[in-house]
Number of protein chains: 2
Amino acid sequence: MSDVLRRPGPAQPNPMPAVEHRPLDPRVERLVNDLIGRVADKWTMLILEALAEKGELRFSRLADEVHGISQKMLTQTLRQMERDGLVTRTIHPVIPPRVDYKLTRLGLGLGQAFCGVWLWAEAHLEEVEASRQAFDARAVSR
Amino acid sequence: MSDVLRRPGPAQPNPMPAVEHRPLDPRVERLVNDLIGRVADKWTMLILEALAEKGELRFSRLADEVHGISQKMLTQTLRQMERDGLVTRTIHPVIPPRVDYKLTRLGLGLGQAFCGVWLWAEAHLEEVEASRQAFDARAVSR
DNA sequence: CATCACACTCTCCATTTGGTAAGTATAGAA
DNA sequence: TTCTATACTTACCAAATGGAGAGTGTGATG
């Protein structure tokens, strides 16, 4: 979205805030926001991770991998991901039925894009936890 | 989370799936998942972006920047971000009241971590849209 | 003939999320 | 005296989210 977010290095607070260059029209901005809202979903991210790790999984294996997901949410999330072009769904016409799910190039790319966030979360877990405890302690004492 | 997700380049589907090295214990995994769920929230991301772009904003300026957010959600999200150590909250004891919000080092880092996802969304918007249309067309014809 | 496996789909229900609107405290301006 | 600005907080309500569990179709197996 903003160029400030895009560039590494300490962001300059506002040395020249008058410039205000927005390279995107609001339509694109809205679409990007929507897409991120859809894709930054808890289950989507966990399924993405499972598939990136295991390569290709059938429905019930996925259900095992993504601990705690209900059948309903697994189906629902996989359908959305298929619609968005993140996974392919291969139905083997056998009985009992067998369906394999696999990440597309698009899905793999998104998985890589999320790397940064995973790494940040891992790296700063304790810092965040400490901040929370300090905050809660302050709140209690007042 | 997974090393596959962490490394750029086409992920190897499963040349040696037997290895299965998980460097993280489930506790950390759960914490990271929770943290990401909290932080990958729509409003959090938009506030993060506004603050990264503008540097420091008071409550009502933020409300203007983050289009469509309600007072309630703005307050709520800012409190969570403060608790997590992402923003600082500076109260100026004047009347009418004035409160300034600013990203911490931690908050800036998270903003940068999200870059990848914003860029991915921007870059693949049309691809996703095309996939959706194709999917919907298929669904209708059946 | 009953059972099981598998990948769903559907219904019902509880929780969560989030919006709207009203209230609060304070001092200066009209 | 009333109005305004500001940053909230609270109460209420509607919508979305998501879990539990039952139902479905089919062929192999006991």
Side-chain angles (χ1 to χ4, degrees), chain A residues 30 33-48 50-51 54 56-84 87-102 135 138-140 142, chain B residues 30 33-48 50-51 54 56-84 87-102 135 138-140 142:
Chain A
R30 229 184 57 81
N33 284 2
D34 286 358
L35 184 50
I36 288 192
R38 267 290 331 289
V39 124
D41 162 76
K42 176 187 174 185
W43 296 130
T44 303
M45 296 197 352
L46 293 176
I47 292 174
L48 205 61
L51 286 176
K54 301 298 173 84
E56 181 166 28
L57 289 169
R58 61 190 299 180
F59 188 82
S60 42
R61 285 320 116 239
L62 254 178
D64 296 342
E65 283 305 313
V66 182
H67 184 68
I69 196 170
S70 66
Q71 221 178 27
K72 177 184 172 181
M73 289 313 295
L74 183 53
T75 308
Q76 207 173 95
T77 310
L78 281 171
R79 283 298 136 74
Q80 287 178 341
M81 292 176 75
E82 192 195 355
R83 186 169 111 98
D84 289 346
V87 299
T88 56
R89 181 162 174 268
T90 313
I91 305 168
H92 303 279
V94 296
I95 286 179
R98 176 198 178 106
V99 182
D100 284 334
Y101 294 92
K102 191 179 176 181
F135 183 91
R138 253 176 288 146
V140 166
R142 259 181 287 138
Chain B
R30 230 184 58 80
N33 284 3
D34 286 358
L35 183 50
I36 288 191
R38 268 289 330 287
V39 124
D41 161 77
K42 177 186 174 186
W43 295 129
T44 303
M45 294 196 356
L46 294 176
I47 291 174
L48 205 61
L51 287 176
K54 300 299 172 86
E56 182 166 27
L57 290 169
R58 62 190 298 181
F59 188 82
S60 45
R61 285 320 115 238
L62 254 178
D64 297 341
E65 283 303 313
V66 182
H67 184 68
I69 196 171
S70 66
Q71 220 179 27
K72 178 184 171 181
M73 287 314 295
L74 184 52
T75 307
Q76 208 172 94
T77 309
L78 281 171
R79 282 300 136 75
Q80 286 178 341
M81 292 175 76
E82 191 197 355
R83 187 169 110 98
D84 288 346
V87 299
T88 56
R89 181 163 173 267
T90 314
I91 306 167
H92 303 278
V94 296
I95 286 180
R98 174 197 180 108
V99 180
D100 284 334
Y101 293 91
K102 192 179 177 183
F135 184 92
R138 252 176 287 147
V140 166
R142 260 181 287 139

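Proteins come first, then strands; the chains are lettered A, B, ... in the order of their sequence lines, and each starts at number 1.
With sequence neighbours left out, the side chain to side chain contact (heavy atoms under 4.5 Å, CB included) criterion links A/Arg38 to A/Gln80, A/Asp84, B/Arg132. Partners of A/Arg98 according to the salt bridge (Lys or Arg N to Asp or Glu O under 4.0 Å) rule, which considers only residues two or more places apart in sequence or in another chain, are A/Asp100. Applying the side-chain hydrogen bond (donor to acceptor under 3.5 Å, both in side chains) criterion to A/Arg61, with sequence neighbours excluded, gives A/Asp64. Residues satisfying the side chain to side chain contact (heavy atoms under 4.5 Å, CB included) criterion with B/Thr75, sequence neighbours excluded, are B/Phe59, B/Arg79. A search for side chain to side chain contact (heavy atoms under 4.5 Å, CB included) contacts involving B/Gln76 returns B/Lys72, B/Met73, not counting sequence neighbours. Not counting sequence neighbours, the partners of B/Thr44 by the side chain to side chain contact (heavy atoms under 4.5 Å, CB included) test are B/Asp41, B/Thr77, B/Met81. The side-chain hydrogen bond (donor to acceptor under 3.5 Å, both in side chains) test applied to B/Arg89 returns B/Tyr101, not counting sequence neighbours.
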Please tabulate, one pair per line, each protein N/O and nucleotide N/O from nucleotides 8-13 of chain D that are separated by under 3.5 Å, including the distance.
residue	atom	partner	partner atom	Å
D/dC8	OP1	B/Arg79	NH2	2.7
D/dC8	OP1	B/Arg89	NH2	2.5
D/dC8	OP2	B/Tyr101	OH	2.6
D/dC8	N4	B/Gln71	OE1	2.5
D/dC8	N4	B/Gln71	NE2	3.1
D/dT9	OP1	B/Arg79	NH1	3.2
D/dT9	OP2	B/Arg79	NH1	3.4
D/dT9	O4	B/Gln71	OE1	3.4

Might you list the N or O atoms of the protein lying below 3.5 Å from N or O atoms in nucleotides 25-30 of chain D, with each pair's distance?
none

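Rounded to 10 degrees, the angle separating the terminal axes of the helix from C/dC1-D/dG30 to C/dA30-D/dT1 is 30°, with each axis obtained from five end pairs.
Extent of DNA chain C lying under 4.0 Å from chain A heavy atoms, first and last nucleotide in 5' to 3' order, is C/dA5 to C/dT9.
D/dA20 atom P lies 12 Å from atom CD1 of A/Ile69, rounded to whole Å. Rounded to whole Å, the distance from NZ on A/Lys42 to C1' on D/dA16 is 16 Å.
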message: Walk me through whether A/Leu74 and A/Leu62 qualify under side chain to side chain contact (heavy atoms under 4.5 Å, CB included).
response: CA-CA 8 Å; A/Leu74 183 53; A/Leu62 254 178; 4.2 Å; yes
